[in-house]
Structures are given as structure tokens and as C-alpha cells.
Amino acid sequence: QVQLVESGGGLVQAGGSLRLSCAASGLTFSTYTMGWFRQAPGKEREFVAAISWIGGATYYADSVKGRFTISRNNAKNTLYLQMNSLNPEDTAVYYCAVCTSPRYCADVDYWGQGTQVTVSS
């Protein structure tokens, strides 16, 4: 079965950085567009970033563009999200996702369990 395991979340001060990882198993990782989503308390889950199967195309939500970078290592079946210049509005549970639609990951086949990111002011 497909498993997505996120790691790298934690508590960071505003202006700081974190790098999230998502280890994937049970699927041919290199053939899927992958994405990151987040859900803040009391809000709906929202798209953060996506990357094409070969890594040549990336897509970002306007709120993170220029601060976050999505990448992947197909040899390690791992997805990453480098988050810089974090602010309290970035506080959320971050989820890794297997996208069945390209570009902005409008359709998701599988979700990870999530990792908490908390940014203090």
C-alpha cells in the first residue's frame, strides 16, 4: 500500500527556515506529480506547491512564492519543501500528497499523515 511519511516540522521563530521531507513507498514515485498542502486551525486545507514527475516544472501558491521551494529526489523516493522567511501565517499542519492531476494538484490520490509547523512571532 501507498505510504507517505512527512518529517521535519517543528517550532521556529518568524524569519526562520525549515525543511520538510516526505518519504514515499508503495508506488512508482518517479511517475507522479507530487504536492504539498497545509491546513491551519479552523481553515480548509490549501494547496502550497507541486512538482512534476521529472521535477522540471514547479507550481506555488501566491502566498509562498519566492519563500518556499519544492524539490524531489526520485532515486530516494523523497519529496522536499524548503521553507524560508517563515511567518506566523505559515503555521499549519503540512501534508504531502500524490497528485493525479498535473500542475496545481487539483486531484489527490493519497495523503500523508501531516507534520506540524509552528511559527512564533
Side-chain angles (χ1 to χ4, degrees):
Q1 69 279 21
V2 175
Q3 283 194 314
L4 303 173
V5 180
E6 299 97 334
S7 61
L11 175 64
V12 63
Q13 287 188 329
S17 299
L18 282 175
R19 188 193 196 202
L20 305 183
S21 298
C22 171
S25 60
L27 77 166
T28 307
F29 179 77
S30 61
T31 65
Y32 286 93
T33 293
M34 298 293 295
W36 287 99
F37 288 73
R38 67 186 182 185
Q39 187 167 18
K43 296 187 177 181
E44 292 189 353
R45 193 173 299 189
E46 64 175 2
F47 169 81
V48 173
I51 186 167
S52 64
W53 62 277
I54 203 170
T58 56
Y59 309 91
Y60 296 95
D62 288 342
S63 59
V64 306
K65 203 171 293 184
R67 300 186 299 122
F68 290 11
T69 302
I70 188 171
S71 62
R72 66 192 296 162
N73 185 327
N74 286 342
K76 294 184 177 181
N77 286 1
T78 303
L79 177 72
Y80 303 99
L81 185 67
Q82 177 67 44
M83 305 186 295
N84 299 328
S85 301
L86 286 161
N87 59 62
E89 290 70 40
D90 295 315
T91 295
V93 177
Y94 284 71
Y95 297 91
C96 173
V98 178
C99 310
T100 52
S101 57
R103 303 184 70 186
Y104 292 91
C105 202
D107 298 296
V108 174
D109 251 1
Y110 301 98
W111 295 97
Q113 85 288 349
T115 186
Q116 176 71 47
V117 172
T118 303
V119 185
S120 62
S121 57

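In this chain, residues are counted from 1 in sequence order. Not measured: the values here are computed from a predicted model.
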- Which pairs, with at least one residue in residues 23-56 and sequence neighbours excluded, count as a disulfide (SG to SG under 2.5 Å)? none
- Query: When you look at M83 and D90, which way does the side chain to side chain contact (heavy atoms under 4.5 Å, CB included) test go after all the steps?
  - Reply: CA-CA 9 Å; M83 305 186 295; D90 295 315; over 6 Å; no
- Message: Taking V12 as the starting point, is it possible to reach W36 by hopping between hydrophobic residues whose side chains are less than 4.5 Å apart?
- Response: yes
- Message: Listing request: all disulfide (SG to SG under 2.5 Å) pairs with a residue in residues 58-89, at least two apart in sequence or in separate chains.
- Response: none
- Message: Give me the atom names and distance for the closest heavy-atom approach of T33 to P102.
- Response: OG1-CA, 4.1 Å
- Residues in ring-ring contact (aromatic ring centres under 6.0 Å, His included) with F37, at least two apart? F47, W111
- Write down the atom of A49, the atom of L81, and the distance for their closest heavy-atom approach. CB-CD1, 4.3 Å
- Message: Do L4 and V108 land in one hydrophobic cluster if side-chain heavy atoms of ILVMFWY residues count as linked below 4.5 Å?
- Response: no
- Kindly write out the residues that satisfy side-chain hydrogen bond (donor to acceptor under 3.5 Å, both in side chains) with N74, not counting sequence neighbours, or none if the list is empty. R72
- With sequence neighbours excluded, give me every disulfide (SG to SG under 2.5 Å) pair touching residues 5-78. C22-C96
- Task: May I have all residue pairs that pass side-chain hydrogen bond (donor to acceptor under 3.5 Å, both in side chains) and include part of residues 40-55, sequence neighbours excluded?
- Result: R38-E46
- Item | Distance-minimising heavy-atom pair for A92 and A40 | CB-N, 3.8 Å
- Note on the structure: Sorted by chain and residue number, the side-chain hydrogen bond (donor to acceptor under 3.5 Å, both in side chains) partners of T118 (sequence neighbours excluded) come out as Q116
- Query: Is the side chain of T69 donor-acceptor paired with the backbone N or O of Q82 at a distance under 3.5 Å, no angle test?
  - Reply: no
- Task: Spell out, yes or no, whether M34 and V2 are grouped together once hydrophobic residues are joined by side-chain heavy atoms under 4.5 Å, including indirect joins.
- Result: yes
- Query: Which residues pass the side-chain contact (heavy atoms from CB on, under 4.5 Å) test with T28, sequence neighbours left out?
  - Reply: S30, T31
- Please list all pairs passing the salt bridge (Lys or Arg N to Asp or Glu O under 4.0 Å) test where one or both residues lie in residues 49-62, with sequence neighbours left out. D62-K65
- Between T78 and A23, is there a donor-acceptor pair closer than 3.5 Å when you use the side chain of the first and the backbone of the second? no
- Which pairs count as side-chain hydrogen bond (donor to acceptor under 3.5 Å, both in side chains) when at least one residue sits in residues 6-27, sequence neighbours excluded? E6-Q113, S17-N84
- Message: Is any side-chain heavy atom of N77 closer than 4.5 Å to one of L27?
- Response: no
- Shortest non-hydrogen contact between A106 and S101, atoms and distance: N-OG, 2.9 Å
- Message: Just verifying a value: how many Å separate R67 CZ and S63 OG, rounded to the nearest 0.5 Å?
- Response: 6.5 Å
- Message: According to ring pair (Phe, Tyr, Trp, His ring centres under 6.0 Å), does anything in residues 56-100 pair up with another residue at least two apart or in another chain? List the pairs.
- Response: Y59-Y104
- Query: Which residue pairs pass the salt bridge (Lys or Arg N to Asp or Glu O under 4.0 Å) test when at least one of the two sits in residues 106-121, sequence neighbours left out?
  - Reply: none
- Query: Side-chain contact, heavy-atom cut-off 4.5 Å: I51 with L79?
  - Reply: yes
- Message: Grouping I, L, V, M, F, W and Y whenever their side-chain heavy atoms are under 4.5 Å apart, do Y110 and V48 come out in a common cluster?
- Response: yes
- Kindly give the heavy-atom pair with the smallest separation between P88 and A14, and that separation in Å. CD-CB, 4.2 Å
